[in-house]
Protein chains: 2
Amino acid sequence: MTAWEQQLTACDCRITMPRRAVMGALLEAESPLAPQEILDRGRQVHTRLGLVTVYRTLELFLRLTLVRRVHREDGCQGYVLTSPGHHHVLLCRDCGRAVEFPGGDDLQVLIQRVEGETGYRVDEHLLQLFGRCTACQQGESDA
Amino acid sequence: MTAWEQQLTACDCRITMPRRAVMGALLEAESPLAPQEILDRGRQVHTRLGLVTVYRTLELFLRLTLVRRVHREDGCQGYVLTSPGHHHVLLCRDCGRAVEFPGGDDLQVLIQRVEGETGYRVDEHLLQLFGRCTACQQGESDA
DNA sequence: CTGTTAATGAAAACATTTTTCATTAAGGGG
DNA sequence: CCCCTTAATGAAAAATGTTTTCATTAACAG
């Protein structure tokens, strides 16, 4: 039994084919997937998979912090598996490929400064970087 | 003629009542507004205002960097006026009030580190902090 | 003031997300 | 290993958010 299956069992959730299909799609994805994309890929594993179930499964996975929701430039919500530790997302604006990176002390310093200046208590943050991956930089260096 | 009106004139765009209504709503807002909210407020100035025009006007304002688009927790897109300089948004998760703050060197340090580690060229970023403003901290200290 | 044309707004198309409810199947107890 | 309970599912429809279409309006140059 894999780690995510154990986590489901631990909170009295069942391990079902639809959930396997959604997790499978996310495991093989190399960039954040929209719910519709997860449906398309998941159906290769579980033909009867429905879009509603994809939404519900993502909601569950979010609650268990198995997946992270990222802001895609096309407006849709994108979903990626969470890596261990606190990570942020770096998206290539050409091919959509995403890599995660850990948040360093730099951000904590900045957050503390902002807390001091504003009086707010900051307890969460969303950091996403956009740019071009190595391959896309070479492909269209000045096009 | 105000600064934004000059900017519109400079790019051969007309200064219209709908655009005045949208800008008016944004000027008086104290937190990011969704298009529908802008419509409601804008109609107090220009009764005939339509939602489509709100979208088109926001698109124009975005292109001119008069407004910034922020990711709201309810899933909608929120729009706020851009402050001079490079700013980020800090949202109160209770009352929705937003303040902007300038991005410091800390973030540049982090970005350079990530560029080095991944090979990506980073040219844009989205940083939003979530927390509680001073007032909401006092109101519900442990509720 | 008038003509040109950018801009507008209503309706409809489209996309995304949520709700409803009858049916299915996961997995514990016998 | 089978049966039963009920969580989970999926189709349809509703709700919500965004974009397109196109006839009409109004900004502003002349």
Side-chain angles (χ1 to χ4, degrees), chain A residues 1-2 4-25 32-64 66-67 69-79, chain B residues 1-2 4-25 32-64 66-67 69-79:
Chain A
M1 185 143 83
T2 63
W4 70 271
E5 288 173 334
Q6 283 177 353
Q7 207 173 334
L8 250 61
T9 302
C11 62
D12 293 318
C13 293
R14 295 176 182 173
I15 298 164
T16 64
M17 278 308 287
R19 286 171 182 172
R20 282 213 179 93
V22 169
M23 181 53 76
L33 298 181
Q36 182 62 55
E37 293 167 340
I38 293 173
L39 178 70
D40 297 339
R41 300 183 185 205
R43 279 191 164 157
Q44 293 171 13
V45 173
H46 180 63
T47 318
R48 306 179 43 69
L49 183 62
L51 186 55
V52 181
T53 301
V54 173
Y55 275 99
R56 281 190 290 231
T57 302
L58 289 172
E59 196 182 319
L60 172 66
F61 286 178
L62 272 178
R63 215 161 47 232
L64 302 178
L66 290 170
V67 303
R69 184 153 59 175
V70 308
H71 171 94
R72 305 207 320 182
E73 300 224 319
D74 66 4
C76 289
Q77 303 277 21
Y79 296 82
Chain B
M1 187 142 85
T2 64
W4 70 271
E5 289 173 333
Q6 282 177 353
Q7 209 175 333
L8 252 61
T9 303
C11 63
D12 292 318
C13 293
R14 295 177 182 174
I15 298 164
T16 65
M17 279 306 288
R19 286 172 182 172
R20 282 213 180 93
V22 170
M23 180 54 74
L33 298 181
Q36 183 62 54
E37 294 167 339
I38 293 173
L39 177 70
D40 298 338
R41 301 183 185 207
R43 279 191 164 158
Q44 293 170 12
V45 172
H46 180 62
T47 318
R48 305 178 46 70
L49 183 62
L51 186 55
V52 182
T53 301
V54 172
Y55 275 100
R56 281 189 292 230
T57 302
L58 289 171
E59 196 183 319
L60 172 66
F61 286 177
L62 272 179
R63 216 160 49 232
L64 301 179
L66 289 170
V67 303
R69 183 154 58 177
V70 308
H71 172 93
R72 304 207 320 181
E73 301 223 316
D74 66 4
C76 289
Q77 304 277 20
Y79 295 82

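Just so it is clear: chains get the letters A, B, ... in the order the sequence lines come, proteins before strands, and each one is counted from 1.
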Whole-Å distance separating the [atom1] atom of [X] from the [atom2] atom of [N]:
X       : N      : atom1 : atom2 : value
A:Gln36 : C:dC14 : CD    : P     : 16 Å
B:Gln77 : D:dT16 : CD    : C1'   : 14 Å
A:Arg20 : D:dA8  : CZ    : C1'   : 14 Å
B:Arg43 : C:dA10 : CZ    : C1'   : 11 Å
B:Met1  : D:dA27 : CE    : P     : 15 Å
B:Leu39 : D:dT16 : CG    : P     : 15 Å
B:Arg63 : C:dA6  : CZ    : C1'   : 13 Å
A:Leu60 : D:dA8  : CG    : P     : 8 Å

Please report the shortest heavy-atom distance between B:Ala25 and B:Gly42, naming the atom on each side.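 Smallest interatomic distance, heavy atoms only, reads CB-N, 4.4 Å.
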Heavy-atom closest pair, residues A:Leu58 and A:Pro35: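 Looking at all heavy atoms of both residues, the shortest contact is CD1-CG, 4.2 Å.
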What residues in residues 10-19 of chain A put a non-hydrogen atom under 4.0 Å from any atom of DNA chain C? A:Arg14, A:Ile15, A:Thr16
Which residues within residues 45-52 of chain A lie with some heavy atom under 4.0 Å of an atom in DNA chain C? A:Leu51, A:Val52
What distance separates [X] [atom1] from [Y] [atom2], expressed to the nearest 0.5 Å?
X       : Y       : atom1 : atom2 : answer
B:Leu8  : B:Leu60 : CG    : CG    : 5.5 Å
B:Trp4  : B:Thr9  : CH2   : OG1   : 9.0 Å
B:Ile15 : B:Met23 : CD1   : CE    : 11.0 Å

Throw together a table of side-chain donor-acceptor distances under 3.5 angstrom for residues 43-51 of chain B, partners on residues two or more places apart or in other chains.
{"from": "B:Arg43", "atom 1": "NE", "to": "B:Leu49", "atom 2": "O", "distance (Å)": "2.8"}
{"from": "B:Arg43", "atom 1": "NH2", "to": "B:Leu49", "atom 2": "O", "distance (Å)": "2.8"}

What residues, two or more places apart in sequence or in another chain, satisfy side chain to side chain donor-acceptor pair (under 3.5 Å) together with A:Glu5? A:Thr2, A:Arg20
Taking OP1 and OP2 of C:dT17, is either one under 4.0 Å from a side-chain nitrogen or oxygen of A:Tyr55?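 The answer is yes; a side-chain N or O of A:Tyr55 sits under 4.0 Å from OP1 or OP2.
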Restricting to pairs with a member in residues 8-19 of chain A, which pass salt bridge (charged side-chain N to carboxylate O under 4.0 Å, His left out), not counting sequence neighbours? none
Kindly say whether A:Leu64 contributes a backbone atom to a donor-acceptor pair with the side chain of A:Gln7 at under 3.5 angstrom? yes
Using five base pairs at each end to define the local axes, how bent is the helix from C:dC1-D:dG30 to C:dG30-D:dC1, to the nearest 10°?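 Computed from the C1' atoms at both ends, the axes differ by 30°.
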Partner set under side chain to side chain contact (heavy atoms under 4.5 Å, CB included) for B:Leu62, not counting sequence neighbours: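 Testing B:Leu62 for side chain to side chain contact (heavy atoms under 4.5 Å, CB included), a comparison that skips the adjacent residues, returns B:Val67, B:Arg69, B:Tyr79.
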